[in-house]
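A short write-up of the structure that comes next.
In what follows, chains carry the letters A, B, and so on, assigned in the order in which the sequence lines appear, proteins first and then strands, with residues in each chain numbered from 1.
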Amino acid sequence: MKAFDYQRADSAQAAAAMAANAQGVRFIAGGTNLLDLMKLEIERPETVIDISRLPLDAIEDTEDGGLRIGALVTNSDLAADARVRRDYEVLARALLSGASGQLRNKATTGGNLLQRTRCFYFYNRAMPCNKREPGSGCAALEGRNRIHAILGGSEHCIATHPSDMAVAMMALGASVEIQSPDGKTKTLALSELYRLPGDTPHLETELEQGDLITGVVLPAPVGGRQIYRKVRDRASYAFALVSVAAVIGLEDGKIGSAQLAFGGLAPMPWRNSDLEDALIGQTPSPELWGRAADILLADAKGHGENDFKIALARRTLAHVLDAACGGEK
Amino acid sequence: MHLTLTVNGTEHALDLDPRTSLLDMLRDHLDLTGSKKGCDHGQCGACTVLLNGRRINSCLSLAVMHEGDEITTIEGLGEEGKLSPLQAAFVAHDGYQCGYCTPGQICSATAMLGEVEAGWPSHVSDNLEDQPQLTDAEISERMSGNLCRCSAYPNIVDAISEVGGGRK
Ligand SMILES: Cc1cc2nc3c(=O)[nH]c(=O)nc-3n(C[C@H](O)[C@H](O)[C@H](O)COP(=O)(O)OP(=O)(O)OC[C@H]3O[C@@H](n4cnc5c(N)ncnc54)[C@H](O)[C@@H]3O)c2cc1C
Ligand code: SF4
Ligand code: FES
Ligand code: FES
């Protein structure tokens, strides 16, 4: 690990201000992703700002019946929160499907959103990777790409975003609260936090230098049937190949509301409003699931080893929709 | 960098390079070599310790982030002739072969039983709001962060189940 200057921040404003001017600066929260990457010298910050003791660890009710989750709330505490278990089951389920008991005790809400890809070549400094070394090429396009994206990638990068939590938050329509170094705060829809790779895969979010995530806000619960289905290579302690987060409301036997997001398929948690519109007002049927999958996967592109994800996404979506509309879970 | 923290009930004042992981601090600076380094990347659980009562991977944490914290390692759970219930159960059920993963397994299980008692659900819990039952499936899921290369899993589950009152 490269040597770095370790600093502690004593307020969110101070943390953002400290990060505004420093060279190669990183915040550290749980450290479970940053330290992993620093040990491999994929991340080489000159300054590490410890934000782990900031008072951003509360889960509070918002005025309009939603929930504000502090950026430092651990994945364990969030999954165990009574309101999350009752009203946002999809989120609790996504959290509980991720990592391990030990990791969830350290992993924070902010750090989870900003965790980096698990692309093998991003982790291997001997190989070309545009995300790690802009302009060096992408070894995954013609390489081992079983875990890579079928949607939203580019000829420069096909890495997926690995988070489960973010997929559920995307389905729930979450937004992200941010402290800027100039003392101002701003709010971004989670759907606007991430950037697609295009020709700049090293730029992953819309955050600017020094921006600190202070919390995530969930809108008031919409009820309905909530499901998080994660398909992976082993039953526990593995990242998603495909995951589907669904919040589905039924009215008189028809689909009244549909919020869906997908993990493992794209560089960011993936949501498609055309797919949701196509479901609303319709009677559940296998044909409808097929049409929904056609919309989701219209632009899907396999790269060899990950071709199977196209069929897997189709089946997982059908399974989840069926379960949400009354079938087996 | 200066650091004061409590390990197994004893306060320590240390001067550390900020790069030192909590695991390396325990092993190399305090000679507490019970916590093991398997992968050093959060993937195996051999380094599991209790941080203020909660289980974490000590390899993925910087020591300097633990000013004032209380750490418990396998050495702090029991001692020769006075084993903790889980330590004794691992012996009685032969919950290991080479023993390398065992300190991590026992620290992890110690905190895990507390999580169940506190009502935390898991990925395999049918209902998120009911008090979870300590079935074998629940034990396996909740302990999935602790790998055992010798695959002593059946006996590990037996040992934990006995202490947690799983199969009444
Ligand atoms: C073996 C293993 C298995 C895993 N399996 C899964 C899995 O199945 N599913 C899953 O979803 N995840 C999984 N994870 C990833 C884990 O969820 C993340 O490592 C964790 O959520 C990161 O949170 P953290 O607080 O530790 O982040 P840190 O490591 O502290 O930070 C990560 C990044 O976010 C930045 N950051 C942190 N907080 C803020 C903030 N408030 N504002 C701005 N920037 C911030 C940091 O600067 C850093 O760049 C796994 C990890 C490991 C090691
Ligand atoms: S897919 Fe992205 S992260 Fe992986 S090698 Fe290509 S550029 Fe790097
Ligand atoms: S050594 Fe820490 S998890 Fe393997
Ligand atoms: S007993 Fe050998 S690794 Fe578990």
Side-chain donor/acceptor of A:Y237 to backbone N/O of B:Q43, under 3.5 Å: yes
Expected output: side-chain A:N105 to main-chain B:R55 donor-acceptor under 3.5 Å: yes
Verdict with reasoning, A:S236 to B:H123, per side chain to side chain contact (heavy atoms under 4.5 Å, CB included): CA-CA 9 Å; A:S236 187; B:H123 170 64; 5.8 Å; no
[X], part contacting chain B, at a heavy-atom distance under 4.5 Å:
| X | result |
| --- | --- |
| A:K2 | backbone |
| A:A235 | backbone |
| A:I28 | both |
| A:D36 | both |

For chain A, find which of [options] contributes the most heavy-atom pairs closer than 4.5 angstrom.
| options | answer |
| --- | --- |
| B:M112, B:M143, B:E115, B:E67 | B:E67 |
| B:G42, B:P121, B:S140, B:A118 | B:P121 |
| B:D17, B:N127, B:T48, B:V64 | B:V64 |

[atom1]/[X]: more than 12 non-hydrogen atoms of other groups inside 6.0 Å:
| X | atom1 | result |
| --- | --- | --- |
| A:Q7 | CD | yes |
| A:R144 | CZ | no |
| B:E117 | CD | no |
| A:R44 | CZ | yes |

Checking heavy atoms, do the side chain of [X], its backbone, both or neither come under 4.5 Å from chain A?
| X | answer |
| --- | --- |
| B:D40 | both |
| B:M1 | side chain |
| B:S122 | backbone |
| B:L147 | side chain |

Contact summary for [X] and [Y], nearest pair of heavy atoms:
| X | Y | answer |
| --- | --- | --- |
| B:M65 | A:A29 | CE-O, 3.3 Å |
| B:P18 | A:Y6 | CB-CB, 3.9 Å |
| A:S100 | B:N57 | OG-OD1, 4.5 Å |

Stepwise side chain to side chain contact (heavy atoms under 4.5 Å, CB included) test for B:L60 and A:Q102: CA-CA 10 Å; B:L60 281 191; A:Q102 290 95 313; over 6 Å; no
Between CD1 on residue B:I56 and OG on residue A:S76, distance to nearest 0.5 Å: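 Answer for the CD1-OG pair, B:I56 versus A:S76, is 11.5 Å.
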Nearest-0.5 Å distance that lies between atom OG in B:S21 and atom CE in A:M1: 7.5 Å
Residue pair B:S144, A:R234: steps toward the side chain to side chain contact (heavy atoms under 4.5 Å, CB included) verdict: CA-CA 10 Å; B:S144 72; A:R234 59 181 181 196; over 6 Å; no
Test side chain to side chain contact (heavy atoms under 4.5 Å, CB included) applied to B:L128 and A:L96, step by step: CA-CA 10 Å; B:L128 293 183; A:L96 293 170; 4.0 Å; yes
With chain B, which of [options] has the greatest number of heavy-atom pairs at distances under 4.5 Å?
| options | result |
| --- | --- |
| A:G30, A:A80, A:A99 | A:A80 |
| A:M38, A:R104, A:R8 | A:R8 |
| A:D5, A:L95, A:L40 | A:L40 |

